[in-house]
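Presented below is the structure to which this report refers.
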Amino acid sequence: MRVTRESELADVVREATGPLQSIGGGTRPVGQGGGTALQVAISGISLYEPGALTLIAGAGTPLRVIEDAVAAEGQRLPFEPAAWNALLGTTGESTIGGVVAANVSGPRRIQAGACRDSLIGVRFVDGTGAVVKNGGRVMKNVTGYDLVKLMAGSWGTLGVLSEVAFKLLPAAPAQATLVMDVPLAQAAKVLSQALGSQFDTSGAGWLPGVGVIVRLEGLADSVAYRAGKLAEVLAAYAPKILRDEGAALWRDLAEVKPLQGARGDLWRFSVKPSEGPEIAARLGGKVVLDWGGGLVWARVAEGTDARALAAPYTGHATCLSGAFAAFEPEPAPVAALSRGLRARFDPKGLFNPGKMG
Amino acid sequence: MDMPVPSTTVLAQKTRIVKALRKVLPRDAVIDDPAETRAYECDALSAYRCAPLAVVLPRTTAEVAAALKLCHEIGVPVVPRGAGTSLAGGSMPSADAVVLGLARMNRVLEVDFDNRFIRVEAGRTNLSVTGAIEAQGWFYAPDPSSQLACAIAGNIGMNSGGAHCLKYGVTTNNLMGVTLVTMQGEVVEIGGPYCDAGGLDLLGVICGSEGQLGVVTEATLRILRQPEGARPVLIGYASNEVAGACVADIIRAGILPVAIEFMDRPCIEATEAFCHAGYPDCEALLIVECEGSAAEIAEQLGLIRQIAARHNPVEFREAQSADEAKRIWLGRKSAFGAMGQKGDYMCLDGTIPVSSLPQVLRRIGEISQEFGLEVGNVFHAGDGNMHPLIIYNANEPGQQELCERMGAEILKLCVEAGGCLTGEHGVGLEKRDLMEVQFAPEDLEAQMRVKDVFDPAWLLNAAKVFPLHVSAARRG
Ligand SMILES: Cc1cc2nc3c(=O)[nH]c(=O)nc-3n(C[C@H](O)[C@H](O)[C@H](O)COP(=O)(O)OP(=O)(O)OC[C@H]3O[C@@H](n4cnc5c(N)ncnc54)[C@H](O)[C@@H]3O)c2cc1C
């Protein structure tokens with residue numbers, strides 16, 4: 001089934017008698033359960049005000065369309081969402097609603113926040129078929145509860161998104177990347193030194209075969225100044241400074257290039273940053289670190305319980321491909337609250353049942 | 001503003017309730033003497049007052065849990081309270097409620113510079129969070145003007161913002177985890193020193209839930225390195241329109257100042273009379289602050305100077321020293337106090353799309369004429385968060401109501417312009433009855449369902465946020 005208007009979506013939900021599996025472009029099929037496929041093709045940018053740094057679009061709008069539109073005005077989505085097609089071997093086209101449902105955020109997450117931090121408004125259809133709006137199109141809004149955050153990263157289990165609104169940022173005119181040939185075991189120290197500096201880093205990760213990479217963005221003089229200063233702080237690791245040619249490294253990191261096409265189950269750990277490299281070492285195999293060490297991507301042998309292998313860790317793990325529960329089992333009181341919310345928003349149990357617990 | 005009739009059953013049991021509370025809490029943690037409970041009868045929306053049944057001031061999460069469990073069993077309403085600086089009546093009690101104050105829970109529990117977070121008890125004041133780490137060169141970014149007094153608990157309750165949130169975001173963007181005690185007395189850990197939720201983003205909905213979902217006792221907060229320096233400029237314009245256009249151009253140019261503050265003529269005049277900051281005689285004034293090293297600041301200010309010049313400012317003043325920087329901020333920081341010299345004031349906080357700033361300011365001027373009450377505007381222009389201050393005389397019969405009607409008119413205008421009722425102060429009691437201007441019944445229903453899950457008995461601060469007739473069936 002494919003819907004192109006919100007009212008149509010509401011009708012489908014109201015009349016549904018069995019589970020529905022909402023999909024955007026079908027590019028991030030994590031923890032997918034059964035049910036009738038419901039493709040949300042409500043597409044198009046309905047409002048874009050560059051002077052107010054705000055954009056509203058249908059949930060089915062391709063991510064690429066939005067990125068092109070804002071780039072034409074010298075702006076960008078702050079949270080740097082990346083396509084996972086090559087990583088997950090999917091062929092569809094990522095939609096902005098899918099990005100929100102999965103709360104996808106790239107390397108700039110550590111500076112500009114996650115997708116949920118830039119999301120300022122949503123419209124969605126709940127499990128009774130009612131259209132609900134929350135937030136709006138202004139950057140500061142504390143009117144009523146913040147269901148915007150709740151919808152981000154809910155993987156379609158609370159409602160089906162029809163429209164999303166964002167605050168944008170000006171694209172940085174200049175960038176620089178510091179590259180340091182540092183082994184995984186030493187990465188934590190280098191990353192925390194970089195992130196703990198005064199020089200406002202907008203990315204910090206570790207790529208196999210490359211080492212630690214740290215990014216600075218902003219006005220040209222400022223970037224040059226900060227890159228020089230940070231290189232002094234990290235002098236012990238002999239940093240090389242790349243200009244625009246460093247951009248490719250950040251695309252590799254965002255799209256997790258080293259793990260693309262490889263065999264094995266794919267996992268993702270969001271943890272206390274200083275724990276990242278140790279967890280990565282315990283997991284073995286191919287790993288990539290983002291978010292200053294706080295995000296560990298790993299390919300492990302098929303059927304490995306990576307949670308058990310990585311333990312102990314402060315955070316949570318997602319199994320993106322493999323036979324394990326996709327989402328980290330929650331402590332009983334948290335699980336009870338989450339279950340309660342799902343039961344209220346989706347009383348008939350229509351939306352991606354079983355996906356998140 | 002209507003409040004539900006206090007429960008006579010609860011009122012009648014006061015002695016028993018206080019006795020039971022004293023059994024589970026240390027003696028000095030329970031206050032029931034009317035002379036002392038009066039100190040908790042209002043918050044900063046002081047036109048509304050009501051002394052509570054009792055006040056409890058626990059020192060630990062376990063004590064908070066014990067008090068809540070007991071109140072839940074007996075069916076006593078609870079109003080969580082940080083420092084009581086809410087401008088929306090968020091922490092105002094009802095006669096049948098126990099106020100649960102976090103004031104005694106103010107310790108720093110953990111500082112971790114490697115992982116860039118601090119964990120504190122939620123009663124700690126906002127400014128003293130930065131106070132605990134500034135010697136090492138770090139700070140906690142959200143900075144409400146009330147930061148000397150307000151507590152992290154209340155910041156989380158209201159999802160508070162500050163002057164520097166254009167760059168650093170508001171509370172929710174800097175909050176990593178909480179310890180929450182539910183009304184049933186269950187202690188729940190949500191989030192922690194890592195990114196994003198593993199399941200549903202409960203933290204996101206707890207932040208800004210105005211004390212209605214649970215009592216936050218501890219918080220993990222993101223901390224940042226202090227920038228090398230910061231410097232403000234002051235730009236004066238002959239009209240609000242032109243100042244508004246300058247703000248939009250600065251944003252479009254790709255410069256991201258940490259703050260863009262706006263004051264209109266009534267506010268400029270009031271602050272001049274009050275603290276002699278030396279502001280120019282003009283219709284609209286912008287304060288723009290940039291951060292970084294001296295060279296980086298110069299780069300940004302150079303661009304801002306060019307943009308400002310295109311709009312023919314009546315004055316462009318760069319701070320050349322720390323002392324001049326202070327003077328530029330002086331008037332802005334004393335704006336509320338200065339307006340307060342003119343009489344009582346009501347501070348609104350609607351947000352509008354920045355593009356509609358000039359029209360909305362013009363219309364506010366007209367509304368001010370229609371109602372015959374003076375209004376001054378001082379606000380965060382970069383994000384469209386307005387703060388119209390309406391001046392009135394609370395002692396003159398009818399003026400309070402007149403002022404509230406005028407305030408409602410302005411907030412409706414904000415919503416019509418595509419904005420919202422409140423950008424950072426919260427709904428509380430003050431904007432409760434306007435919620436239907438912004439939200440359809442289904443929108444409010446969806447929000448109330450969240451409260452159904454966290455607080456099925458609707459005992460926590462239940463008379464706030466949702467219009468009473470909308471929440472009536474749930475409040476029982
Ligand atoms: C002069 C002045 C200037 C101000 N400037 C700003 C500003 O710049 N930006 C801004 O955003 N606000 C501002 N405010 C408003 C106010 O200071 C903020 O809303 C602040 O966060 C309230 O904190 P508090 O500790 O005083 O909370 P309280 O007033 O005690 O409580 C606020 C809300 O939080 C709830 N709450 C309190 N403690 C808890 C808890 N432990 N768990 C769950 N919920 C709880 C309460 O029930 C209530 O609903 C200003 C106020 C004044 C008086």
Side-chain angles (χ1 to χ4, degrees), chain A residues 49-54 74 103 109 113-114 116-117 126 130-134 136-147 149-150 152-154 170 173 192 195-198 219 221-222 225 270-274 291 294 314-316 327-328 330 333-334 337-338 340-341 344-345 356-357, chain B residues 113-116 158-159 161 169-170 173 186 188 190 192-202 204-205 208-209 225 227-228 248 251-252 254 256 292-293 295-296 299 351-355 383-385 418-424 426-427 435 438-439 442-443 446-447 449-450 452-453 465:
Chain A
E49 264 189 26
L53 296 171
T54 46
N103 190 28
R109 160 88 186 79
R116 57 90 102 173
D117 294 293
D126 75 6
V131 176
V132 177
K133 68 166 185 302
N134 194 261
R137 57 178 273 210
V138 288
M139 294 194 199
K140 268 171 87 185
N141 186 347
V142 296
T143 323
Y145 294 169
D146 193 346
L147 304 185
K149 303 275 182 309
L150 191 61
S154 65
S192 88
L195 288 171
S197 78
Q198 288 174 302
L219 299 177
D221 290 357
S222 161
Y225 167 81
S270 178
V271 295
K272 189 149 95 171
S274 59
W291 300 352
T314 313
H316 54 89
F327 299 93
E328 182 88 16
E330 293 176 319
V334 178
L337 291 170
S338 300
L341 288 172
R344 303 279 164 153
F345 279 78
M356 291 188 92
Chain B
F113 294 124
D114 279 342
N115 289 298
R116 300 166 296 286
M158 292 310 194
N159 187 15
V170 295
N173 311 114
E186 185 155 38
V188 191
I190 291 163
Y194 48 84
C195 282
D196 303 338
L200 293 179
D201 189 353
L202 302 181
V205 76
S209 61
R225 271 305 293 276
E228 287 178 83
I251 291 172
R252 292 241 22 194
L256 194 67
S293 66
E296 287 176 273
E299 186 182 23
T351 305
I352 56 166
V354 285
S355 46
D383 48 34
N385 190 188
C420 65
L421 297 172
T422 168
E424 59 179 12
V427 177
M435 286 291 272
Q438 190 177 328
F439 292 111
E442 305 80 64
D443 305 333
Q447 295 176 32
R449 278 187 218 140
V450 176
D452 293 341
V453 172
V465 183

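Below, read A as the first sequence line, B as the second, and so on, with proteins coming before strands; counting in each chain starts at 1. Side chains are part of it too, since the values below use all heavy atoms of this structure and drop only hydrogens, waters and symmetry mates.
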Closest approach of P193(B) and P273(A), non-hydrogen atoms and distance?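 In terms of heavy atoms, the two residues are closest at O-CD, 3.9 Å.
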Residues L195(A), R225(B); criterion side chain to side chain contact (heavy atoms under 4.5 Å, CB included); working and verdict: CA-CA 9 Å; L195(A) 288 171; R225(B) 271 305 293 276; over 6 Å; no
Residue A295(B) versus chain A: region with a heavy atom under 4.5 Å: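 It is neither, since no heavy atom gets under 4.5 Å.
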Given a strict heavy-atom distance threshold of 4.5 Å, which part of V205(B) is in contact with chain A: side chain, backbone, both, or neither?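 Backbone plus side chain of V205(B), per the 4.5 Å heavy-atom cut-off to chain A.
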Under a 4.5 Å heavy-atom cutoff, which of [options] has the most pairs with chain A?
options: E442(B), E228(B), M435(B); result: E228(B)
options: L421(B), L256(B), T351(B); result: T351(B)
options: G419(B), G423(B), G254(B); result: G423(B)
options: G169(B), G161(B), S293(B); result: S293(B)
options: G208(B), G192(B), G204(B); result: G204(B)

Before you tell me yes or no, could you show the steps for V334(A) and L202(B) under side chain to side chain contact (heavy atoms under 4.5 Å, CB included), namely the whole-Å CA-CA distance, both residues' side-chain angles and the distance that decides it to 0.1 Å? CA-CA 9 Å; V334(A) 178; L202(B) 302 181; 3.8 Å; yes
Quick one: do [X] and [Y] make a salt bridge, cutoff under 4.0 Å?
X: R449(B); Y: D452(B); result: no
X: D196(B); Y: R116(A); result: no
X: D201(B); Y: K149(A); result: no

Heavy-atom pairs under 4.5 Å with chain B, option from [options] with the top count:
options: P173(A), A152(A), P50(A); result: P50(A)
options: G196(A), G113(A), G340(A), G294(A); result: G196(A)
options: D126(A), L150(A), V132(A), L219(A); result: L219(A)
options: G144(A), A114(A), G74(A); result: G144(A)

Which residues satisfy the side-chain contact (heavy atoms from CB on, under 4.5 Å) test with P333(A), sequence neighbours excluded?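 For P333(A) the side-chain contact (heavy atoms from CB on, under 4.5 Å) partners, ignoring immediate neighbours, are P331(A), E186(B), V188(B).
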Excluding sequence neighbours, so at least two apart, what forms side-chain contact (heavy atoms from CB on, under 4.5 Å) with A52(A)?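 Checked A52(A) against side-chain contact (heavy atoms from CB on, under 4.5 Å); matches are E49(A), T54(A), V354(B).
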Which bit of [X] is near chain B, if near means a heavy-atom gap under 4.5 Å: side chain, backbone, both or neither?
X: Q198(A); result: both
X: N141(A); result: both
X: F345(A); result: both

Nearest-0.5 Å distance, CD of residue Q447(B) to OG of residue S209(B):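 Between Q447(B) CD and S209(B) OG, I get 11.0 Å after rounding to 0.5 Å.
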